[in-house]
Q: 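Would you mind keeping the following structure in view while I ask a few things?
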2 protein chains.
Amino acid sequence: MPGSLSLLKGLPRYDVFLQEAKCFPELDASACYTYLQLLRTGDELLALDEQVLNSYGTRHGRFNLLMILLKYGDGEATPAGLADKTGVTRATISGLLDGLEKDGLIKRKPDPEDRRLIRVHLTSAGHAFLDKVRPGYSRWFSSIVEPLDKEERRQLVFLLEKIRTRLSELAGNGESQSAQLS
Amino acid sequence: MPGSLSLLKGLPRYDVFLQEAKCFPELDASACYTYLQLLRTGDELLALDEQVLNSYGTRHGRFNLLMILLKYGDGEATPAGLADKTGVTRATISGLLDGLEKDGLIKRKPDPEDRRLIRVHLTSAGHAFLDKVRPGYSRWFSSIVEPLDKEERRQLVFLLEKIRTRLSELAGNGESQSAQLS
DNA sequence: ACCTAATTATTAGGTTCCTAACCGTTGTCA
DNA sequence: TGACAACGGTTAGGAACCTAATAATTAGGT
């Protein structure tokens, strides 16, 4: 029932930043341009992906959660485990599970052995929902990379892998180094 | 005063999806893998970028807004114009301006000629804030693309441009085509 | 001139995320 | 055994986004 969609008006978002490259004379313009292109592509892709999911009446968070539940054996999943896998906090998982349970896609059951634990089950409605969404979702994302040939895809994955490696190097000490300014 | 930061725990978010490639036998696994790599890189980059901004006590939305205000001549910016440039709704701009004004970084003044309009000004505190943040922010994003040499950056920009072109082709009719499932 | 339509900014209400604080349960170790 | 830390899930409150509705102002058409 969330219904249709916004028309994705918001894409000139980074144009200003791209012009801005020359405002950072202290560094290589190609670095600035590349970074901004990366950020912008990521942002647009995420936005459109979210929109596709919206057209199926779901969202990123919920869809991720359902997909991850699919990988678990039935009744193995706990909220804390889901938080780890999805990368959101346990509090967020609580909220997502509330929504999913209200819609009948999942069910919470207490663990018989450890009374702190909750076991999360995908209902048959949940399975049916995923079966309904996945074909279209597959088609959507294959259409995104369709303009790239096999070699280009290989290159892109390689380059992104390099960036991601860098990202994870910086993840741990991100604040300590960025806090030193000027 | 929002203070330090979260420690960016949440990056294994897409591992499950990547394993999932073989669950979509109906399509090319390289398409699936490339798409997921793209989504994941974008997501991680956005998350880390947000975290860097957090370490300066600001956020994506607010920082973008301030940077865009910097490009405007003083007193040319209106909320509606800012909404266009940033890609968020006017309602969101209202909220962001509320926060920024409360912190003394911008100021709203009525337009003398058209009483519907509000003119948004960067205060001297706003300028000072940007001057404080920009050097570190530049250093941050140049460190991200640093592992790529000049030719690799050129390639990456080229490939991302292809993706973005595709994205904008699909943006208009996203829902009509994705709504047909199976 | 006047009624209507378009435009501006804002508010109201909803969603998804966060952090922080809470409470109950389990494990540990004197 | 009994205090107490650690852990699991939830709740409360806040931020950034959205859509839809609102109030005030300007522009257009006859």
Side-chain angles (χ1 to χ4, degrees), chain A residues 1-10 13 43 46-47 49-51 53-54 57-66 76-84 86-103 106 108-120, chain B residues 1-10 13 43 46-47 49-51 53-55 57-66 77-84 86-103 106 108-120:
Chain A
M1 71 273 282
S4 345
L5 33 110
S6 54
L7 31 155
L8 195 63
K9 52 161 303 203
R13 186 180 324 209
D43 193 33
L46 251 359
D49 188 84
E50 173 80 16
Q51 197 178 77
L53 257 15
N54 286 352
T58 191
R59 310 284 178 84
H60 245 125
R62 290 158 90 118
F63 186 63
N64 280 3
L65 210 47
L66 291 175
E76 281 181 19
T78 64
L82 292 170
D84 273 356
T86 57
V88 298
T89 62
R90 289 191 303 257
T92 300
I93 294 290
S94 272
L96 288 173
L97 291 178
D98 285 348
L100 255 10
E101 189 165 36
K102 190 160 57 71
D103 292 353
I106 62 106
R108 279 187 256 222
K109 295 180 183 168
D111 185 289
E113 301 185 355
D114 186 337
R115 279 187 294 179
R116 287 173 303 182
L117 297 181
I118 291 283
R119 295 293 175 175
V120 182
Chain B
M1 68 275 282
S4 343
L5 33 111
S6 55
L7 32 155
L8 194 64
K9 52 162 302 203
R13 186 179 324 207
D43 195 33
L46 251 0
D49 187 84
E50 174 79 15
Q51 196 177 78
L53 258 15
N54 286 352
S55 77
T58 192
R59 313 283 179 82
H60 245 126
R62 291 158 92 117
F63 185 62
N64 280 2
L65 211 46
L66 291 175
T78 64
L82 292 169
D84 273 355
T86 57
V88 299
T89 62
R90 278 176 295 215
T92 300
I93 295 290
S94 272
L96 289 173
L97 291 178
D98 284 349
L100 255 11
E101 190 165 34
K102 190 159 57 70
D103 292 353
I106 61 107
R108 280 187 255 220
K109 295 179 183 168
D111 184 289
E113 300 184 356
D114 185 336
R115 279 186 295 181
R116 288 173 302 184
L117 296 181
I118 292 283
R119 295 294 175 173
V120 183

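Letters A, B, ... mirror the listed sequences (proteins, then strands); counts begin at 1.
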Q: Hey, are the side chains of A:Arg108 and A:Asp98 touching, using non-hydrogen atoms and a 4.5 Å cut-off?
A: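 Answer yes - side chains close enough.
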Q: For A:Gly81 and for B:Glu113, find the nucleotide of DNA chain D with the closest heavy atom, then tell me which residue's nucleotide is more 5'.
A: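 In this pair, the answer is A:Gly81.
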Q: Calculate, to the nearest 0.5 Å, the distance between atoms CG and CZ belonging to B:Leu82 and B:Arg90 respectively.
A: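 Nearest 0.5 Å value for the CG-CZ distance: 12.0 Å.
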Q: Give the rounded distance in Å between these two atoms: CG of A:Leu65 and P of C:dT15.
A: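 Atom-to-atom, A:Leu65 to C:dT15, this comes out as 17 Å.
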Q: What is the separation between atom CG on B:Leu117 and atom C1' on D:dT26, rounded to the nearest whole Å?
A: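 Rounding to the nearest Å, CG of B:Leu117 and C1' of D:dT26 are 10 Å apart.
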Q: In this structure, how many angstroms lie between the C1' atom of D:dG9 and the CG atom of A:Asp114, rounded?
A: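 Rounded to the whole Å, the gap is 12 Å.
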Q: Could you tell me how far apart A:Asp103 (CG) and C:dT16 (C1') are, to the nearest whole angstrom?
A: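 The answer, rounded to whole Å, is 15 Å.
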Q: Using side-chain heavy atoms (C-beta onward) and a distance below 4.5 Å, is B:Asn54 in contact with B:Arg59?
A: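 In short, these two side chains touch, coming nearer than 4.5 Å.
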Q: Do B:Arg62 and B:Leu96 come within less than 4.5 Å of each other through their side chains, counting heavy atoms only?
A: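 B:Arg62 reaches B:Leu96 side chain to side chain.
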Q: What protein N or O atoms touch nucleotides 10-14 of chain C N or O atoms at under 3.5 angstrom, if any, and at what distances?
A:
residue : atom : partner  : partner atom : Å
C:dT10  : OP1  : B:Arg108 : NH1          : 2.8
C:dT10  : OP2  : B:Ser94  : OG           : 3.0
C:dT10  : OP2  : B:Arg108 : NH1          : 2.9

Q: Nearest whole Å is fine: how far is C:dC23 P from A:Arg115 CZ?
A: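 These atoms are roughly 19 Å apart.
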Q: Pick base, sugar-phosphate or nothing for B:Arg119, based on heavy-atom distances below 4.0 Å to the nucleic acid.
A: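 B:Arg119: no heavy atom of the nucleic acid under 4.0 Å.
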Q: May I ask you to verify whether the side chain of B:Arg116 and the base of C:dT7 hold a donor-acceptor pair under 3.5 Å?
A: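 A donor-acceptor contact between them is present.
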Q: Starting at CZ of A:Arg59 and ending at C1' of D:dA16, how long is that distance when rounded to a whole Å?
A: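 Result: 14 Å.
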Q: Could you state the atom-to-atom distance from NZ of B:Lys109 to C1' of C:dA9 in whole Å?
A: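 So the NZ-C1' distance, B:Lys109 to C:dA9, works out to 18 Å.
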Q: Rounded off to whole Å, could you give me the CD-to-P distance for the A:Glu50 and C:dT15 pair?
A: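 Roughly 14 Å, once rounded to whole Å.
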Q: Please give the nucleotide sitting opposite C:dT4 as a Watson-Crick or G-U wobble pair, both distances under 3.5 Å, or none.
A: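 By the stated definition (distances under 3.5 Å), D:dA27 pairs with C:dT4.
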Q: Got a salt bridge between B:Asp114 and B:Arg119, using NZ or NE/NH1/NH2 to carboxylate O under 4.0 Å?
A: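 Salt bridge flag = no for B:Arg119 with B:Asp114.
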Q: Report yes if the side chains of A:Ile93 and A:Leu65 come closer than 4.5 Å at any heavy-atom pair, otherwise no.
A: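 SC-SC contact between A:Ile93 and A:Leu65 confirmed.
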Q: Considering only heavy atoms from C-beta outward, does the side chain of B:Ile106 approach that of B:Leu66 to under 4.5 Å?
A: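 Counting from C-beta outward, B:Ile106 and B:Leu66 do come under 4.5 Å.
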Q: Where each residue is assigned the nucleotide of DNA chain D containing its nearest heavy atom, which of A:Thr78 and B:Arg62 is assigned the position nearer the 5′ end?
A: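 Residue closer to the 5' terminus by nearest nucleotide: A:Thr78.
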